Undergrad: 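This is the structure I want to talk about, given as C-alpha coordinates.
Quick note on labels: first sequence line is chain A, next is B, and so on, each numbered from 1. This is a predicted model, so every value here is computed, not measured.
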Protein chains: 2
Amino acid sequence: MKTTKYNIPVEATLEVIGGKWKVVILCHLKEQTLRFSELQRIIPNITKKMLSQQLRELEHDGIIKRTLYDEIPPKVEYSLTDEGETLREVLDLMCSWGNARIEKDPNAVNLYKEHERGWDKTLL
Amino acid sequence: MKTTKYNIPVEATLEVIGGKWKVVILCHLKEQTLRFSELQRIIPNITKKMLSQQLRELEHDGIIKRTLYDEIPPKVEYSLTDEGETLREVLDLMCSWGNARIEKDPNAVNLYKEHERGWDKTLL
DNA sequence: CTGCATCCTTAGCGATACTG
DNA sequence: CAGTATCGCTAAGGATGCAG
(Lines give C-alpha, C1' and ligand atoms only; values in the text may rest on other atoms or scores of the structure.)
Protein backbone atom coordinates (compact mmCIF):
# COMPACT_ATOMS: atom_id res chain seq x y z
CA MET A 1 0.00 0.00 0.00
CA LYS A 2 1.31 3.34 -1.04
CA THR A 3 1.54 5.90 1.73
CA THR A 4 3.29 8.65 -0.11
CA LYS A 5 2.46 12.16 0.86
CA TYR A 6 3.31 14.85 -1.61
CA ASN A 7 4.58 18.19 -0.43
CA ILE A 8 3.40 19.68 -3.70
CA PRO A 9 1.02 18.14 -6.23
CA VAL A 10 3.48 18.19 -9.11
CA GLU A 11 5.37 15.43 -7.34
CA ALA A 12 2.55 13.12 -8.35
CA THR A 13 3.36 13.95 -11.96
CA LEU A 14 7.04 13.36 -11.47
CA GLU A 15 6.32 10.00 -9.90
CA VAL A 16 4.65 8.92 -13.13
CA ILE A 17 6.78 10.53 -15.85
CA GLY A 18 9.99 11.19 -13.92
CA GLY A 19 13.26 9.48 -14.64
CA LYS A 20 15.52 9.39 -17.61
CA TRP A 21 13.40 7.59 -20.16
CA LYS A 22 9.66 7.80 -19.59
CA VAL A 23 9.05 11.16 -21.23
CA VAL A 24 11.05 10.08 -24.25
CA ILE A 25 9.11 6.84 -24.53
CA LEU A 26 5.79 8.64 -24.15
CA CYS A 27 6.72 11.27 -26.72
CA HIS A 28 7.07 8.49 -29.25
CA LEU A 29 3.96 6.61 -28.17
CA LYS A 30 1.82 9.74 -28.32
CA GLU A 31 2.52 9.85 -32.06
CA GLN A 32 1.92 6.21 -32.85
CA THR A 33 1.50 2.76 -31.45
CA LEU A 34 4.86 1.01 -31.42
CA ARG A 35 6.28 -2.45 -30.94
CA PHE A 36 9.01 -3.22 -28.43
CA SER A 37 11.67 -3.54 -31.11
CA GLU A 38 10.53 -0.34 -32.79
CA LEU A 39 10.93 1.56 -29.54
CA GLN A 40 14.38 0.11 -29.16
CA ARG A 41 15.32 1.27 -32.61
CA ILE A 42 14.12 4.85 -32.27
CA ILE A 43 15.61 5.22 -28.78
CA PRO A 44 19.11 4.08 -29.64
CA ASN A 45 20.65 4.60 -26.21
CA ILE A 46 18.21 2.59 -24.17
CA THR A 47 18.92 -0.98 -23.19
CA LYS A 48 16.34 -3.73 -23.38
CA LYS A 49 16.35 -3.94 -19.62
CA MET A 50 15.57 -0.26 -19.11
CA LEU A 51 12.99 -0.18 -21.89
CA SER A 52 11.24 -3.22 -20.47
CA GLN A 53 11.38 -1.82 -16.96
CA GLN A 54 10.06 1.62 -17.87
CA LEU A 55 7.29 0.15 -20.01
CA ARG A 56 6.19 -2.07 -17.15
CA GLU A 57 6.06 0.87 -14.76
CA LEU A 58 4.11 3.01 -17.20
CA GLU A 59 1.71 0.14 -17.73
CA HIS A 60 1.34 -0.33 -13.98
CA ASP A 61 0.57 3.36 -13.58
CA GLY A 62 -2.17 3.07 -16.19
CA ILE A 63 -0.45 5.32 -18.72
CA ILE A 64 0.19 2.84 -21.49
CA LYS A 65 -1.49 -0.29 -22.75
CA ARG A 66 0.32 -3.49 -23.67
CA THR A 67 -1.22 -5.60 -26.40
CA LEU A 68 0.12 -9.10 -26.89
CA TYR A 69 -0.58 -10.81 -30.18
CA ASP A 70 -0.41 -14.57 -29.83
CA GLU A 71 1.79 -15.19 -32.81
CA ILE A 72 5.07 -16.78 -33.65
CA PRO A 73 7.28 -14.87 -33.47
CA PRO A 74 5.76 -12.86 -30.60
CA LYS A 75 4.39 -9.40 -31.28
CA VAL A 76 3.68 -6.80 -28.62
CA GLU A 77 2.37 -3.30 -29.17
CA TYR A 78 2.37 -0.36 -26.81
CA SER A 79 0.02 2.60 -26.94
CA LEU A 80 -1.40 5.30 -24.68
CA THR A 81 -4.40 4.52 -22.53
CA ASP A 82 -7.13 7.09 -21.97
CA GLU A 83 -5.29 8.12 -18.84
CA GLY A 84 -2.12 8.38 -20.89
CA GLU A 85 -3.94 10.59 -23.37
CA THR A 86 -4.45 13.12 -20.59
CA LEU A 87 -0.69 13.58 -20.66
CA ARG A 88 -0.65 14.52 -24.33
CA GLU A 89 -0.86 18.25 -23.67
CA VAL A 90 2.03 18.10 -21.24
CA LEU A 91 4.13 16.02 -23.60
CA ASP A 92 3.37 18.24 -26.57
CA LEU A 93 4.41 21.32 -24.64
CA MET A 94 7.61 19.73 -23.41
CA CYS A 95 8.47 18.70 -26.95
CA SER A 96 7.85 22.10 -28.45
CA TRP A 97 9.74 23.82 -25.65
CA GLY A 98 12.72 21.60 -26.38
CA ASN A 99 12.48 22.43 -30.05
CA ALA A 100 12.38 26.14 -29.32
CA ARG A 101 15.37 25.91 -27.02
CA ILE A 102 17.43 24.03 -29.55
CA GLU A 103 16.65 26.55 -32.26
CA LYS A 104 17.36 29.48 -29.96
CA ASP A 105 20.87 28.39 -29.14
CA PRO A 106 21.98 24.98 -30.35
CA ASN A 107 25.23 25.23 -28.40
CA ALA A 108 24.17 26.70 -25.09
CA VAL A 109 22.46 23.52 -24.11
CA ASN A 110 25.55 21.42 -23.58
CA LEU A 111 28.08 23.94 -22.34
CA TYR A 112 27.58 22.98 -18.75
CA LYS A 113 27.76 19.22 -18.65
CA GLU A 114 30.98 18.67 -20.51
CA HIS A 115 31.40 15.17 -19.17
CA GLU A 116 28.30 13.92 -20.85
CA ARG A 117 28.68 11.62 -23.79
CA GLY A 118 27.80 13.05 -27.17
CA TRP A 119 25.48 11.19 -29.40
CA ASP A 120 26.56 10.93 -32.98
CA LYS A 121 23.48 9.21 -34.22
CA THR A 122 22.39 10.41 -37.59
CA LEU A 123 18.85 9.77 -36.55
CA LEU A 124 17.01 12.79 -35.25
CA MET B 1 34.29 21.33 -29.74
CA LYS B 2 31.93 18.56 -28.86
CA THR B 3 28.47 18.72 -30.29
CA THR B 4 25.71 16.91 -28.54
CA LYS B 5 22.83 15.79 -30.64
CA TYR B 6 19.48 14.84 -29.28
CA ASN B 7 17.71 11.85 -30.66
CA ILE B 8 14.47 13.67 -29.98
CA PRO B 9 14.02 17.35 -29.15
CA VAL B 10 12.29 16.74 -25.85
CA GLU B 11 15.64 15.61 -24.50
CA ALA B 12 16.65 19.27 -24.52
CA THR B 13 13.78 19.93 -22.15
CA LEU B 14 14.75 17.07 -19.90
CA GLU B 15 18.31 18.33 -19.75
CA VAL B 16 17.04 21.60 -18.27
CA ILE B 17 14.20 20.50 -16.00
CA GLY B 18 15.06 16.84 -15.55
CA GLY B 19 16.17 15.30 -12.31
CA LYS B 20 14.54 14.94 -8.96
CA TRP B 21 14.20 18.55 -7.83
CA LYS B 22 14.17 21.11 -10.61
CA VAL B 23 10.50 20.93 -11.49
CA VAL B 24 9.58 21.21 -7.83
CA ILE B 25 11.83 24.24 -7.37
CA LEU B 26 10.46 25.89 -10.49
CA CYS B 27 6.88 25.23 -9.49
CA HIS B 28 7.50 27.27 -6.38
CA LEU B 29 9.44 30.02 -8.13
CA LYS B 30 6.78 30.43 -10.81
CA GLU B 31 4.41 31.54 -8.06
CA GLN B 32 6.72 33.90 -6.24
CA THR B 33 10.27 35.05 -5.78
CA LEU B 34 11.84 33.15 -2.92
CA ARG B 35 14.93 33.27 -0.77
CA PHE B 36 17.24 30.31 -0.32
CA SER B 37 15.98 29.59 3.18
CA GLU B 38 12.38 29.91 2.07
CA LEU B 39 12.94 27.31 -0.63
CA GLN B 40 14.52 25.05 1.94
CA ARG B 41 11.50 25.41 4.16
CA ILE B 42 8.85 24.68 1.57
CA ILE B 43 10.84 21.78 0.10
CA PRO B 44 11.41 19.92 3.35
CA ASN B 45 13.20 16.92 1.91
CA ILE B 46 15.89 18.71 -0.02
CA THR B 47 19.35 19.15 1.41
CA LYS B 48 21.24 22.42 1.24
CA LYS B 49 23.72 20.84 -1.09
CA MET B 50 21.12 19.68 -3.57
CA LEU B 51 19.18 22.92 -3.42
CA SER B 52 22.34 24.92 -4.01
CA GLN B 53 23.43 22.64 -6.81
CA GLN B 54 20.12 22.64 -8.62
CA LEU B 55 19.76 26.40 -8.30
CA ARG B 56 23.19 26.91 -9.78
CA GLU B 57 22.40 24.67 -12.73
CA LEU B 58 19.09 26.41 -13.35
CA GLU B 59 20.85 29.75 -13.17
CA HIS B 60 23.51 28.58 -15.58
CA ASP B 61 20.86 27.39 -18.00
CA GLY B 62 19.28 30.85 -17.91
CA ILE B 63 16.07 29.69 -16.29
CA ILE B 64 16.30 31.50 -12.96
CA LYS B 65 17.88 34.72 -11.79
CA ARG B 66 19.91 35.06 -8.60
CA THR B 67 19.77 38.41 -6.84
CA LEU B 68 22.26 39.06 -4.09
CA TYR B 69 21.49 41.83 -1.63
CA ASP B 70 24.65 43.12 -0.03
CA GLU B 71 23.44 42.98 3.52
CA ILE B 72 24.40 41.43 6.81
CA PRO B 73 23.18 38.80 7.14
CA PRO B 74 23.26 37.88 3.45
CA LYS B 75 20.03 37.79 1.48
CA VAL B 76 19.60 36.06 -1.84
CA GLU B 77 16.46 35.90 -3.92
CA TYR B 78 15.62 33.56 -6.78
CA SER B 79 13.10 34.22 -9.51
CA LEU B 80 12.31 33.15 -13.05
CA THR B 81 14.08 34.84 -15.94
CA ASP B 82 12.28 35.65 -19.18
CA GLU B 83 13.54 32.33 -20.47
CA GLY B 84 12.23 30.70 -17.32
CA GLU B 85 8.86 32.31 -17.92
CA THR B 86 8.59 30.36 -21.17
CA LEU B 87 8.42 27.26 -18.99
CA ARG B 88 5.40 28.51 -17.07
CA GLU B 89 2.89 26.80 -19.35
CA VAL B 90 4.69 23.50 -19.02
CA LEU B 91 4.96 23.81 -15.25
CA ASP B 92 1.33 24.82 -14.88
CA LEU B 93 0.19 21.83 -16.88
CA MET B 94 2.38 19.44 -14.94
CA CYS B 95 1.03 20.85 -11.68
CA SER B 96 -2.60 20.57 -12.69
CA TRP B 97 -2.07 17.08 -14.05
CA GLY B 98 -0.61 16.07 -10.71
CA ASN B 99 -3.58 17.60 -8.94
CA ALA B 100 -6.00 15.71 -11.12
CA ARG B 101 -4.18 12.46 -10.54
CA ILE B 102 -4.16 12.93 -6.79
CA GLU B 103 -7.87 13.57 -6.79
CA LYS B 104 -8.42 10.28 -8.60
CA ASP B 105 -6.61 8.49 -5.79
CA PRO B 106 -8.55 8.87 -2.54
CA ASN B 107 -5.68 7.41 -0.57
CA ALA B 108 -3.08 9.83 -1.82
CA VAL B 109 -5.35 12.83 -1.57
CA ASN B 110 -5.97 12.20 2.08
CA LEU B 111 -2.27 12.10 2.75
CA TYR B 112 -1.52 15.29 0.90
CA LYS B 113 -1.43 18.55 2.76
CA GLU B 114 -0.14 21.64 1.13
CA HIS B 115 2.91 23.39 2.54
CA GLU B 116 2.94 21.40 5.71
CA ARG B 117 6.34 20.82 7.17
CA GLY B 118 8.04 17.49 6.73
CA TRP B 119 6.57 14.07 6.20
CA ASP B 120 3.78 12.70 8.29
CA LYS B 121 5.81 10.06 10.05
CA THR B 122 2.74 8.39 11.48
CA LEU B 123 1.91 7.27 7.96
CA LEU B 124 5.32 5.85 7.12
C1' DC C 1 21.95 33.47 6.01
C1' DT C 2 23.91 31.39 2.15
C1' DG C 3 26.46 28.38 0.54
C1' DC C 4 30.81 25.28 -0.68
C1' DA C 5 33.83 21.04 0.53
C1' DT C 6 34.28 16.50 1.79
C1' DC C 7 33.09 12.03 2.35
C1' DC C 8 29.88 8.38 1.95
C1' DT C 9 25.68 5.71 0.51
C1' DT C 10 22.42 4.30 -2.72
C1' DA C 11 19.90 3.12 -6.58
C1' DG C 12 19.60 3.96 -11.32
C1' DC C 13 21.58 2.27 -15.06
C1' DG C 14 24.29 -0.67 -18.23
C1' DA C 15 26.57 -5.10 -20.10
C1' DT C 16 25.99 -9.54 -20.84
C1' DA C 17 23.93 -13.91 -20.96
C1' DC C 18 19.92 -16.58 -21.10
C1' DT C 19 14.70 -18.02 -22.11
C1' DG C 20 9.86 -18.91 -24.15
C1' DC D 1 10.63 -11.14 -31.12
C1' DA D 2 10.17 -9.89 -26.58
C1' DG D 3 11.56 -10.13 -22.87
C1' DT D 4 14.25 -11.83 -17.71
C1' DA D 5 18.24 -12.63 -14.66
C1' DT D 6 22.53 -11.51 -12.75
C1' DC D 7 26.28 -8.77 -11.79
C1' DG D 8 28.64 -4.59 -11.18
C1' DC D 9 29.66 0.27 -11.87
C1' DT D 10 29.00 5.08 -11.53
C1' DA D 11 26.79 9.15 -10.93
C1' DA D 12 23.10 11.04 -8.29
C1' DG D 13 22.00 12.09 -4.00
C1' DG D 14 22.71 12.59 1.31
C1' DA D 15 25.17 13.83 5.91
C1' DT D 16 28.11 16.60 8.02
C1' DG D 17 31.30 20.30 8.77
C1' DC D 18 33.38 24.70 7.59
C1' DA D 19 33.35 29.62 5.77
C1' DG D 20 32.18 34.39 4.02
Side-chain angles (χ1 to χ4, degrees), chain A residues 4 7 11 14-25 28-29 32-61 64-79 110 112-121, chain B residues 4 7 11 14-25 28-29 33-61 64-79 118-119 121 124:
Chain A
T4 300
N7 291 292
E11 289 177 0
L14 294 174
E15 188 164 327
V16 174
I17 65 169
K20 188 177 177 180
W21 298 112
K22 285 179 182 173
V23 168
V24 172
I25 292 171
H28 287 297
L29 289 184
Q32 55 183 320
T33 294
L34 287 167
R35 302 179 58 172
F36 188 90
S37 55
E38 291 173 328
L39 281 166
Q40 253 201 299
R41 186 159 30 78
I42 62 180
I43 311 177
N45 302 90
I46 200 171
T47 60
K48 276 193 294 189
K49 175 194 169 184
M50 290 312 298
L51 179 55
S52 168
Q53 196 174 97
Q54 305 299 298
L55 287 172
R56 256 184 290 121
E57 291 180 12
L58 286 170
E59 185 191 4
H60 178 266
D61 287 333
I64 65 173
K65 178 177 48 185
R66 180 180 184 275
T67 307
L68 168 64
Y69 296 88
D70 197 9
E71 306 173 356
I72 303 288
K75 176 180 173 182
V76 179
E77 282 188 344
Y78 293 92
S79 57
N110 24 308
Y112 190 59
K113 298 178 179 179
E114 295 291 345
H115 61 280
E116 223 167 20
R117 166 179 51 171
W119 298 332
D120 294 324
K121 312 299 177 192
Chain B
T4 297
N7 292 293
E11 289 177 1
L14 295 174
E15 188 164 328
V16 174
I17 65 169
K20 188 177 176 180
W21 298 112
K22 286 179 182 172
V23 168
V24 173
I25 292 171
H28 287 297
L29 290 183
T33 295
L34 288 167
R35 301 180 57 172
F36 188 90
S37 54
E38 291 172 328
L39 281 166
Q40 253 202 300
R41 186 165 35 77
I42 61 180
I43 311 178
N45 301 95
I46 200 171
T47 60
K48 278 192 298 186
K49 176 194 167 184
M50 290 312 297
L51 180 55
S52 169
Q53 197 174 95
Q54 305 298 298
L55 287 171
R56 253 183 294 125
E57 290 181 11
L58 286 170
E59 185 192 4
H60 183 99
D61 287 335
I64 65 173
K65 179 176 48 184
R66 181 180 184 274
T67 307
L68 169 64
Y69 296 89
D70 197 8
E71 305 174 357
I72 303 286
K75 175 180 172 183
V76 179
E77 283 188 344
Y78 294 91
S79 57
W119 297 73
K121 295 174 180 59
L124 297 178

Undergrad: Any side-chain heavy-atom pair from A:Ile42 and A:Leu34 closer than 4.5 angstrom?
TA: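 Yes - at least one pair of side-chain heavy atoms lies under 4.5 Å apart.
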Undergrad: Side chains of B:Glu57 and B:Lys22: closer than 4.5 Å at any heavy-atom pair?
TA: yes
Undergrad: Output the distance between atom CG (B:Asp70) and atom NZ (B:Lys75), rounded to the nearest 0.5 Å.
TA: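 B:Asp70 CG to B:Lys75 NZ: 12.5 Å, rounded to 0.5 Å.
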Undergrad: Any idea which heavy atoms bring B:Val16 and B:Leu58 closest together, and the distance?
TA: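 That would be O-CD2, 3.8 Å.
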Undergrad: When the distance from CD1 of B:Ile72 to C1' of C:dT2 is rounded to whole Å, what number comes out?
TA: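 For the pair B:Ile72 CD1 and C:dT2 C1', the rounded distance is 11 Å.
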Undergrad: Provide the closest heavy-atom pair for B:Tyr78 versus B:Leu39 in the form atom of the first, atom of the second, distance.
TA: CD1-CD1, 4.3 Å
Undergrad: Are the side chains of B:Phe36 and B:Leu55 in contact, using a 4.5 Å heavy-atom criterion?
TA: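 Side-chain contact under 4.5 Å: yes.
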Undergrad: Out of curiosity, B:Ile64 CD1 to B:Ser79 OG, how far, rounded to the nearest 0.5 Å?
TA: 8.0 Å
Undergrad: Rounding to an integer number of Å, can you tell me how far B:Leu39 CG sits from C:dT2 P?
TA: 9 Å
Undergrad: Nearest whole Å is fine: how far is D:dA19 P from B:Phe36 CZ?
TA: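 Atom-to-atom, B:Phe36 to D:dA19, this comes out as 18 Å.
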Undergrad: Rounding to a whole Å, what distance do you find between A:Gln53:CD and C:dA15:P?
TA: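 To the nearest whole Å, that distance equals 14 Å.
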Undergrad: Roughly what angle, to 10°, lies between the helix axis at the start of the helix from C:dC1-D:dG20 to C:dG20-D:dC1 and the one at its end, five pairs per end?
TA: 50°
Undergrad: What is the separation between atom CZ on B:Arg66 and atom P on C:dC1, rounded to the nearest whole Å?
TA: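 To the nearest whole Å, that distance equals 16 Å.
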Undergrad: Scan nucleotides 17-20 of chain C against the protein and return all N/O pairs shorter than 3.5 Å with their distances rounded to 0.1 Å.
TA:
none

Undergrad: Rounding to a whole Å, what distance do you find between A:Glu57:CD and D:dT4:C1'?
TA: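 So the CD-C1' distance, A:Glu57 to D:dT4, works out to 15 Å.
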Undergrad: Is there side-chain contact between B:Ile25 and B:Leu51, with heavy atoms separated by less than 4.5 Å?
TA: yes
Undergrad: Whether A:Ser52 contacts D:dG3 is assessed here as follows: a side-chain N or O lying under 4.0 Å from the phosphate OP1 or OP2. Is that the case?
TA: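 Answer no for this pair, as no side-chain N or O of A:Ser52 is under 4.0 Å from OP1 or OP2.
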Undergrad: Using atom CD of B:Glu59 as one end and atom P of C:dT2 as the other, report the distance to the nearest whole Å.
TA: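 So the two atoms are 15 Å apart, to the nearest Å.
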Undergrad: Is the phosphate of D:dG3 approached by A:Arg56 (side-chain N or O, under 4.0 Å from OP1 or OP2)?
TA: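 It does not, given that no N or O in the side chain of A:Arg56 lies less than 4.0 Å from OP1 or OP2 of D:dG3.
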Undergrad: Tell me which nucleotide among D:dA2, D:dG14, C:dT2 gets nearest to the side chain of A:Arg35.
TA: D:dA2
Undergrad: Tell me: NZ of B:Lys22 to C1' of D:dA12, nearest whole Å?
TA: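 Going from NZ in B:Lys22 over to C1' in D:dA12 covers 12 Å.
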Undergrad: With nearest nucleotides of DNA chain D determined for A:Lys49 and A:Tyr78 from heavy-atom distances, which residue corresponds to the more 5′ nucleotide?
TA: A:Tyr78
Undergrad: If you check every side-chain atom of B:Ser37, which of D:dG3, C:dC1, C:dC4 has the closest atom?
TA: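 Of all the options, the side chain of B:Ser37 is nearest to C:dC1.
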Undergrad: Counting side-chain heavy atoms from CB outward, which of D:dG13, C:dG14, D:dC1 is closest to A:Met50?
TA: C:dG14
Undergrad: Does NZ in A:Lys65 sit with more than 12 non-hydrogen atoms of other residues, nucleotides or ligands closer than 6.0 Å?
TA: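 For A:Lys65, atom NZ is not crowded (no more than 12 foreign heavy atoms under 6.0 Å).
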